[in-house]
Amino acid sequence: METDTSLLTVEIEEKKQEELYQKLLLQTVQKVQGDTPSGKVIRPQPGMCVKTLSLSDQKKVFLNICQSETVPPPPHLSQEALVTLLESEDPTSYRVPMSLGEPHAEADNSSQGCTVYDVVINNEFFQKCQKDALFQQFLIAVSLEGLENKYGIELSRDIKILKNRRFMGSLAEQNIRTKNKPVIQEIDSKKSRSLNSAKRESRSLNSAKRPEFCLLIEPPTGNAEYLIAEIQLPGVMSACSLVLDLGEDRLLLIARPFLFHLDIFFPLLIDQENSVAEYNTNTQMLTVTMPVVSS
């Protein structure tokens, strides 16, 4: 029986290409792991304590909203801008950097068991919230939402700020990320127009568009190791106009000014610290390679 050597050659070549692809992915991630610090341990300072309930079992939950100068502050926002933001269709577009600690069991003043979460924000922003009731309400709202998204819980919005207690139980050290945005590397750059020209054209847009994208899982079968986002950004001349932020299950991309806006959630948890982003100015595609956190 004769063997079709052409088929064998194709299979061998495909296998070599797959091995090369996986090797390049591994090398890229290892390089970023070597260049990027894993984080910094901080000891949060007391701030204020908020009491609420878990909707699933009606048990008491406390939020220790703490402060630290290590946590970066959010962008400046006036009270008028905050009111406009809260009345907009997407108030989540303004993000407050915060570190959400693991739940820990404590006993309240009545010696009853309760669950406590430590939320750490920038100390200057905390002081601003203390002086302005609207900002304080906004801070509590985003803290509740952040805990719900991270831990899959539901918390009551019927809250109470404890006047004579700045925290419940004890405050544990937290490891916060020292770099929360992946650097976008620009490749194959051939600029046919200036960035200023692209900016003038984009100003004529009434609103940002949602770009076309696809999510790929590598390998396609078995345990996922990488999640790859391929995002088409026609008209974007340079990576300098892109703002990319990754959460453990979320990607937020803005192509300034007001050209594209993408906010998506992932089906898997990813390692933000060791993710890699590349923007190809020839194909005008942003590729974000994200290691998957094993469960």
Do side-chain atoms of Asn122 reach the backbone of Val71 as a donor and acceptor pair under 3.5 angstrom?
-> yes
For Glu102, the salt bridge (charged side-chain N to carboxylate O under 4.0 Å, His left out) test, sequence neighbours excluded, returns none
Do the non-hydrogen side-chain atoms of Ile65 and Ser143 ever get within less than 4.5 Å of each other?
-> yes
Do Pro73 and Pro97 come close enough that some side-chain heavy atom pair is under 4.5 Å?
-> no
Distance in Å, Leu227 CG paired with Leu215 CG, rounded so as to fall on 0.5 Å steps = 5.5 Å
Atom CD of Gln137 and atom CZ of Arg157: how far apart are they, to the nearest 0.5 Å?
-> 13.5 Å
Using only heavy-atom distances, determine whether the side chains of Asn109 and Arg165 contain a donor-acceptor pair under 3.5 Å.
-> yes
Do Leu251 and Leu262 have side-chain heavy atoms sitting under 4.5 Å apart?
-> yes
Angle class for the Phe125/Phe135 ring planes (parallel below 30°, perpendicular above 60°, tilted otherwise)?
-> perpendicular
Under 3.5 Å, side chain of Ser156 to main-chain N/O of Asp158, donor-acceptor pair present?
-> yes
About how many Å separate CG of Leu155 and OH of Tyr117, when rounded to the nearest 0.5 Å?
-> 6.5 Å
Can you name the residues that form a salt bridge (charged side-chain N to carboxylate O under 4.0 Å, His left out) with Lys60, not counting sequence neighbours?
-> Asp108
Would Ile121 end up clustered with Val116 when hydrophobic side chains under 4.5 Å apart are linked, directly or stepwise?
-> no
Near Glu154 CD, under 6.0 Å, is it more than 12 heavy atoms from other residues, nucleotides or ligands?
-> no
Evaluate side-chain contact (heavy atoms from CB on, under 4.5 Å) for Arg250 paired with Asn149, printing each intermediate quantity in order.
-> CA-CA 11 Å; Arg250 185 182 186 185; Asn149 290 336; 5.9 Å; no
Non-hydrogen atoms of Leu144 and Leu63 that approach each other most closely = CD2-CD2, 3.8 Å
Among all residues two or more places apart in sequence or in another chain, which pass the salt bridge (charged side-chain N to carboxylate O under 4.0 Å, His left out) test with Arg43?
-> Glu173
So with a 6.0 Å cut-off around NZ of Lys150, is the heavy-atom count from everything else above 12?
-> yes
Closest non-hydrogen atom pair, Tyr151 against Leu100 = OH-O, 3.7 Å
Side-chain H-bond candidate by donor/acceptor type, Gln272 with Glu248, under 3.5 Å | no
What do you reckon, is CD of Glu124 surrounded by more than 12 foreign heavy atoms closer than 6.0 Å?
-> no
Closest contact, heavy atoms only, Thr281 versus Ser238 = CG2-CA, 4.5 Å
Distance (rounded to the nearest 0.5 Å) between Gln232 CD and Glu212 CD = 7.0 Å
With side-chain contact (heavy atoms from CB on, under 4.5 Å) as the test, would you mind laying out the steps for Ile217 and Leu268 before giving the verdict?
-> CA-CA 10 Å; Ile217 296 177; Leu268 302 167; 4.3 Å; yes
Leu139 and Met48: CA distance, side-chain angles, deciding distance, side-chain contact (heavy atoms from CB on, under 4.5 Å) verdict = CA-CA 11 Å; Leu139 170 62; Met48 66 177 178; 4.2 Å; yes
Under 4.5 Å between any side-chain heavy atoms of Asp132 and Leu82, yes or no?
-> no
Shortest non-hydrogen separation from Ser68 to Val120 and the atoms involved | CB-CG1, 3.8 Å
Gln174 versus Ser99: any side-chain heavy-atom pair under 4.5 Å?
-> yes
How long is the gap from SG on Cys114 to NE2 on His104, to the nearest 0.5 Å?
-> 9.0 Å
Verify the cluster assignment for Met168 and Ile159: are they in a single hydrophobic cluster under the rule of side-chain heavy atoms below 4.5 Å apart?
-> no
When clusters are formed by joining ILVMFWY residues with side-chain heavy atoms under 4.5 Å apart, either directly or through shared neighbours, do Ile264 and Val292 land in the same one?
-> yes
Counting only heavy atoms not in Asn223, do more than 12 fall under 6.0 Å of its CG?
-> no
Report yes if the side chains of Phe138 and Val142 come closer than 4.5 Å at any heavy-atom pair, otherwise no.
-> yes
Minimum heavy-atom distance between Phe126 and Gln67, given as atom pair plus value = CD2-OE1, 3.5 Å
Is the backbone N or O of Ala107 less than 3.5 Å from a side-chain atom of Ser111, with the two atoms forming a donor-acceptor pair by type?
-> no
Is there a donor-acceptor contact under 3.5 Å linking the side chains of Asn123 and Gln45?
-> no
Under 4.5 Å between any side-chain heavy atoms of Val236 and Gln284, yes or no?
-> no
Would you say the side-chain atoms of Asn64 pair up with the backbone N or O of Cys66, donor to acceptor, closer than 3.5 Å?
-> no
Rounded to the nearest 0.5 Å, how far does CD of Glu106 lie from OG1 of Thr115?
-> 9.5 Å
Heavy atoms, side chains only, cut-off 4.5 Å: are Ile140 and Thr52 in contact?
-> no
Heavy-atom nearest pair, Leu259 first then Pro234, reads CD2-O, 4.3 Å
